[in-house]
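Have a look at the structure below, then the notes.
Just so it is clear: chains get the letters A, B, ... in the order the sequence lines come, proteins before strands, and each one is counted from 1. These numbers come from the heavy atoms of this one structure, side chains and all, not from hydrogens, waters or symmetry mates.
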There are 2 protein chains.
Amino acid sequence: MPLRGNATFLLSLSIVFLSWKFCHGGKILVVPFEGSHWVNMDIIIKALHSRGHSVDVIRTSVSWSIQDNSPYYKTVTVPVTESFNHDFVNPIVKRVIDIESGESSVLCFASLQVEMLTAMSNMHRKMCIMATNLFKNKDLMDSLKESKYDLVLTDPALGTGIMLAHALKLPLVYNVRWVTSGEGHMAIAPSPLSYIPLTGSRLTDKMTFMQRMKNLIMYVIWQVQDQFLISPQYQAICDEFFGPEVRYSDLLKGADLWLMRVDFVFEFPRPTMPNVIYMGGFQCKPAKPLPEHLEEFVQSSGEHGFILMSLGTFVSELPAEITNEIAAAFAKLPQKVIWRHKGDRPVTLGNNTLLVDWMPQNDLLGHPKIKLFVAHGGTNGVQEAIYHGVPIVGLPLFFDQHDNLLRLKDRGAAKLLTTSTVHKDNNFLKAVQEVLNDFSYRMNMERLSRLHRDQPMKPLDTALFWIEFVMRHKGAAHLRTESYRLPWYSYHSLDVILFLLTIALLIVSLFAGLVWSCFRLCLKRKVKSD
Amino acid sequence: MPLRGNATFLLSLSIVFLSWKFCHGGKILVVPFEGSHWVNMDIIIKALHSRGHSVDVIRTSVSWSIQDNSPYYKTVTVPVTESFNHDFVNPIVKRVIDIESGESSVLCFASLQVEMLTAMSNMHRKMCIMATNLFKNKDLMDSLKESKYDLVLTDPALGTGIMLAHALKLPLVYNVRWVTSGEGHMAIAPSPLSYIPLTGSRLTDKMTFMQRMKNLIMYVIWQVQDQFLISPQYQAICDEFFGPEVRYSDLLKGADLWLMRVDFVFEFPRPTMPNVIYMGGFQCKPAKPLPEHLEEFVQSSGEHGFILMSLGTFVSELPAEITNEIAAAFAKLPQKVIWRHKGDRPVTLGNNTLLVDWMPQNDLLGHPKIKLFVAHGGTNGVQEAIYHGVPIVGLPLFFDQHDNLLRLKDRGAAKLLTTSTVHKDNNFLKAVQEVLNDFSYRMNMERLSRLHRDQPMKPLDTALFWIEFVMRHKGAAHLRTESYRLPWYSYHSLDVILFLLTIALLIVSLFAGLVWSCFRLCLKRKVKSD
């Protein structure tokens, strides 16, 4: 049977080719997002590089966080005149504090919502300009096509990478926590709103009737935002470059793999899909020794240990009354404090507190002398705290931070404060002392840490395995449902139910009609016979 | 701070204790189901034993597949007078063939459905007698309690193990493909009927309107069966021994882990839950050398290779006209054939065909000379064929067999026949020749095999990891949603939607009323002023 012989030979050849190819590594095109999202992506890029893959990164000419040159990747720069930046963050934080303190009116709250929405829509608009500039640049697109990448790895918080994968006909892998319509899962996994709290809802997975109502209303708001403000911007680009039959939402949902930056030690249990791979905490690793001056400072804390405080990458300023209150509270503690702080030096700062511009957060969280982490609740920081088992006093500011911290509070591993009350009645000092002295916080966080670390593979290795899986098999179609292509009424079987109900109604009506006719006929005859 | 000092000491002690405990292995109570389900469970028990765990197995005094003594486990025997057996299988197969051939009326079809349902309900009734005998036996229950097991491992196709775990307050792990309400996923993962085909529906994940209607109707039938025929039997036991506040369906859905005997190379992509662990193909392993007489027979096939045929554990007899046709077709082939056959010797049997009572199926499927597997489509055989990349000619008889084979046909790796047509128009011979000569079947099956084998861990190791995980952490609550405790209308947010609609309607009515009143007022004034 020569056919089979030939095919076997071809098969062997392709296996040899494949092994060769993966000994020599694949080619990956990364379309990242700026800021803390890039910090995440950079870790994966370095890991891919160390496994022999070559990585090209697409950035804008005005990118503020993605370096142009790196030993780990080459950059492909798209010229734009304005880029997403984080100037809008500090004013919004100030407004949030005013509103939470009750110092602003309901009107102010509404205007803040509009402002945040505008900022978000604006961010997507800038990303769309980047995408348009990219797709219009024939030379650049041709050179990308000729590069014969194996896959596109992108953060779907913004949509350029999604459309680029379609344009280049490449498998698509996400490094994801957010999509345009909200939290990543909501786009592809069935998400009953009765027990899956929306981001921003400040709810857990156990809700009262009123809470479920709030959750449903927030869902509608998210959907309206996405349908009317954000997705149309991307759809316009699809219309222009791929034709109107290509739906942006289909491209978004059609990714091969979703490497999700959470896990179920952090996230409440919920439905998921076979092509969602959990890599929460992939950035965490055992602590390295600290720089000499930090180690010295930390050691000087003696048996009391030290506290770490950071409010993340974006926020550089809190109102002075809050920072002064926090500094004064720290000054009363026997612990030492390392505080990543960017604004003016608080006047009440004690001798035990060291202000720093930057710090090796993971190494400090993994230090044996750490007692407590005062955090704003960004996903990265929360996952690192879980990994190292350090309890948290949380001071959430906006976005998902309150929800992130709520997940730890619900497990008894964190205490939550709000910006409106943190500087009143010694609240901050009380919260810090409670978490330091009530050992249950530490016990609970250590339990989470044990659960998190007890996985068959490290999250980063899992992520790498699946990225390479997609390269080896040219996608992961067998893990991906295409049910999203169904119209919503078919997806939910509403058309079938309506049809069956109509049939049932018809049968009942016919039967009732028949009985009624018989009844009337009998009645008539009876009248006649009478 | 002595509190923290003490707690740290206690923590260290408990870690030492835990490490000791798991060096010395855990104690597992297994409540298996008979037949091919037991074959599966036995593999896991042996693996657990080899990792140093001690296993006790609960069986009935009339068990026909679970041995009383084994080097791998101890048995706990529950006295019963009658046990589930498979006598009902052969008559049902005959009826299926009659009906598929059109030789029986619609009435016959209905009576077959009733017969199968009665058989199934009967099976559960016998299991309930076993459970009652067990729970009534105070000495036996006391000795089980005193044994201090770490978890209950059970096959939830029948419910005794589920209730026993509740009675003993132990974590619960399933080795699962079926539950009383149908396919395992349907009980805990959201399952949109628009793309998740019901077992028995003979549908894929891409359906027309009529197919989706069929699927929905089958779902209703499954639910009615479960709600009125099966679950009440178990609920009666719960009522008797645990009180009516304990719902059997809650116990069923509340298991810590679902070790699912499928994977997504076999199953269509669908929603899943964090506590579903896929171990499809866990029984597969590289082929061992064959017994001498089989190796000799197989080698004698030369370049043509050989065909394997088996219709599984239960079915011992097919009608003579079918077996004769199959034997005659085999006789015309240049391949050798090994046929696991239990009935009368077919009169048309050729020299190239070897009838056997039993065979080392995995070793034969993994032999380099195998060309084709003629199979009934049981999950075990299908997974083994995938593992070894052997294409299938399928002859499904009942239960899930047609659906199992359909999944391979849909991927171009199997050809399907029905018992009604297999013996007509050389259908069997044509099908076998097609799969032998059209190389795409083999290519597709080998692709499935590559996908299946390309996992970070072997399925059996994954299963063992997670069983031990549950022992280490006394359950897996963080992976398990408790949303099943919500009433169905709350789960689907119907109460919230109804409430919001009512409010909306009220507001609209009020507004309309107001407008109408104003209008009438204006009108009156106009009339007056006129």
Side-chain angles (χ1 to χ4, degrees), chain A residues 1 3-4 7 11 189-196 205-206 209 212-213 215-217 264-265 267-275 278 303 411 437 439 442-443 446-448 450-451 454 456-457 461-462 465-466 469 472-473 478-483 486 490-493 495-497 499-500, chain B residues 1 3-4 7 11 189-196 205-206 209 212-213 215-217 264-265 267-275 278 303 411 437 439 442-443 446-448 450-451 454 456-457 461-462 465-466 469 472-473 478-483 486 490-493 495-497 499-500:
Chain A
M1 310 230 166
L3 176 66
R4 263 185 286 161
L11 190 69
S191 307
L193 294 171
S194 49
Y195 71 100
I196 297 173
D205 60 343
K206 294 183 182 61
F209 179 84
R212 287 193 286 114
M213 188 157 70
N215 203 39
L216 192 134
I217 292 171
F264 287 104
V265 173
E267 192 58 86
F268 295 122
R270 54 155 296 143
T272 172
M273 294 300 285
N275 60 341
Y278 293 91
E303 60 165 308
R411 276 86 167 214
N437 297 330
F439 200 69
R442 181 150 207 128
M443 291 285 275
E446 282 178 352
R447 193 181 64 83
L448 294 183
R450 279 197 303 280
L451 287 173
D454 198 357
M457 274 170 88
D461 291 335
T462 307
F465 174 88
W466 285 106
F469 181 96
R472 281 193 292 273
H473 302 284
H478 71 297
L479 299 176
R480 186 185 65 194
T481 172
E482 291 195 1
S483 60
L486 290 168
S490 301
Y491 180 94
H492 295 289
S493 296
D495 49 357
V496 172
I497 292 171
F499 180 79
L500 288 175
Chain B
M1 307 222 170
L3 176 66
R4 262 185 286 161
L11 189 71
S191 307
L193 295 170
S194 49
Y195 71 99
I196 297 173
D205 60 343
K206 293 186 182 54
F209 179 83
R212 287 192 288 114
M213 189 157 70
N215 203 41
L216 192 134
I217 291 170
F264 287 103
V265 172
E267 192 57 88
F268 295 123
R270 56 156 294 145
T272 171
M273 294 299 284
N275 60 338
Y278 294 92
E303 59 166 305
R411 275 86 167 212
N437 297 330
F439 200 69
R442 182 148 206 128
M443 290 285 274
E446 282 177 353
R447 194 181 63 84
L448 295 184
R450 279 198 302 280
L451 285 173
D454 197 356
M457 274 170 87
D461 291 335
T462 306
F465 174 87
W466 285 105
F469 181 97
R472 280 194 292 273
H473 302 285
H478 70 300
L479 299 176
R480 186 185 67 193
T481 172
E482 292 195 4
S483 59
L486 289 169
S490 300
Y491 180 94
H492 295 288
S493 296
D495 48 357
V496 172
I497 292 171
F499 180 78
L500 287 177

At a heavy-atom separation under 4.5 Å, does B/Leu451 approach chain A through its side chain, its backbone, both, or neither? both

Can you tell me which portion of B/Leu500 sits under 4.5 Å from chain A's heavy atoms? Options are side chain, backbone, both or neither. side chain

Need one label for B/Leu448: side chain, backbone, both or neither, based on atoms under 4.5 Å from any heavy atom in chain A. neither

Atom group of B/Phe465 that falls short of 4.5 Å from chain A, counting heavy atoms: side chain

Of the backbone (N, CA, C, O) and the side chain (C-beta and beyond), which part of B/Leu193 lies under 4.5 Å from a heavy atom of chain A, both, or neither? both

To the nearest 0.5 angstrom, please state how far the CD1 atom of A/Ile497 sits from the CZ atom of B/Arg212. 10.0 Å

Just how far is it from atom CZ of B/Arg411 to atom CZ of B/Arg447, taken to the nearest 0.5 Å? 8.5 Å

Pairwise side-chain contact, A/Met273 with B/Pro269, heavy-atom cut-off 4.5 Å (strictly under): no

Given a strict heavy-atom distance threshold of 4.5 Å, which part of B/Met213 is in contact with chain A: side chain, backbone, both, or neither? both

Contact part of B/Arg480 toward chain A, heavy-atom cut-off under 4.5 Å: side chain, backbone, both or neither? backbone

Under 4.5 Å heavy-atom distance to chain A, tell me which part of B/Arg270 shows up: side chain, backbone, both or neither. backbone

Interface moiety of B/Phe268 toward chain A, non-hydrogen atoms closer than 4.5 Å: neither

Does a side-chain heavy-atom distance below 4.5 Å link B/Ser490 with A/Phe209? no

Taking every non-hydrogen pair under 4.5 Å, which of A/Leu486, A/Asp495, A/Leu216 racks up the most with chain B? A/Asp495

For chain A, find which of B/Ile196, B/Asp454, B/Val265, B/Val496 contributes the most heavy-atom pairs closer than 4.5 angstrom. B/Asp454

Should A/Tyr195 and A/Pro271 count as side-chain neighbours, where that means a heavy-atom distance under 4.5 Å? yes

Residues forming a side-chain hydrogen bond (donor to acceptor under 3.5 Å, both in side chains) with B/Thr462, sequence neighbours excluded: none

Holding to side-chain hydrogen bond (donor to acceptor under 3.5 Å, both in side chains), I want the full list of residues that pass it with B/Thr481, two or more places apart in sequence or in another chain. B/Ser483

So what's closer than 4.5 Å to chain B heavy atoms on A/Leu479: side chain, backbone, both or neither? both

Out of curiosity, A/Trp466 CH2 to A/Met457 CE, how far, rounded to the nearest 0.5 Å? 9.5 Å

Residue selection (most heavy-atom pairs with chain A, distance under 4.5 Å) from B/Ser191, B/Pro274, B/Pro190, B/Pro192: B/Pro274

Checking B/His478 against chain A: side chain, backbone, both or neither under 4.5 Å from a heavy atom? both

Taking side chain as everything from C-beta outward and backbone as N, CA, C, O, which of these in A/Asp205 sits under 4.5 Å from a heavy atom of chain B? Side chain, backbone, both or neither. neither

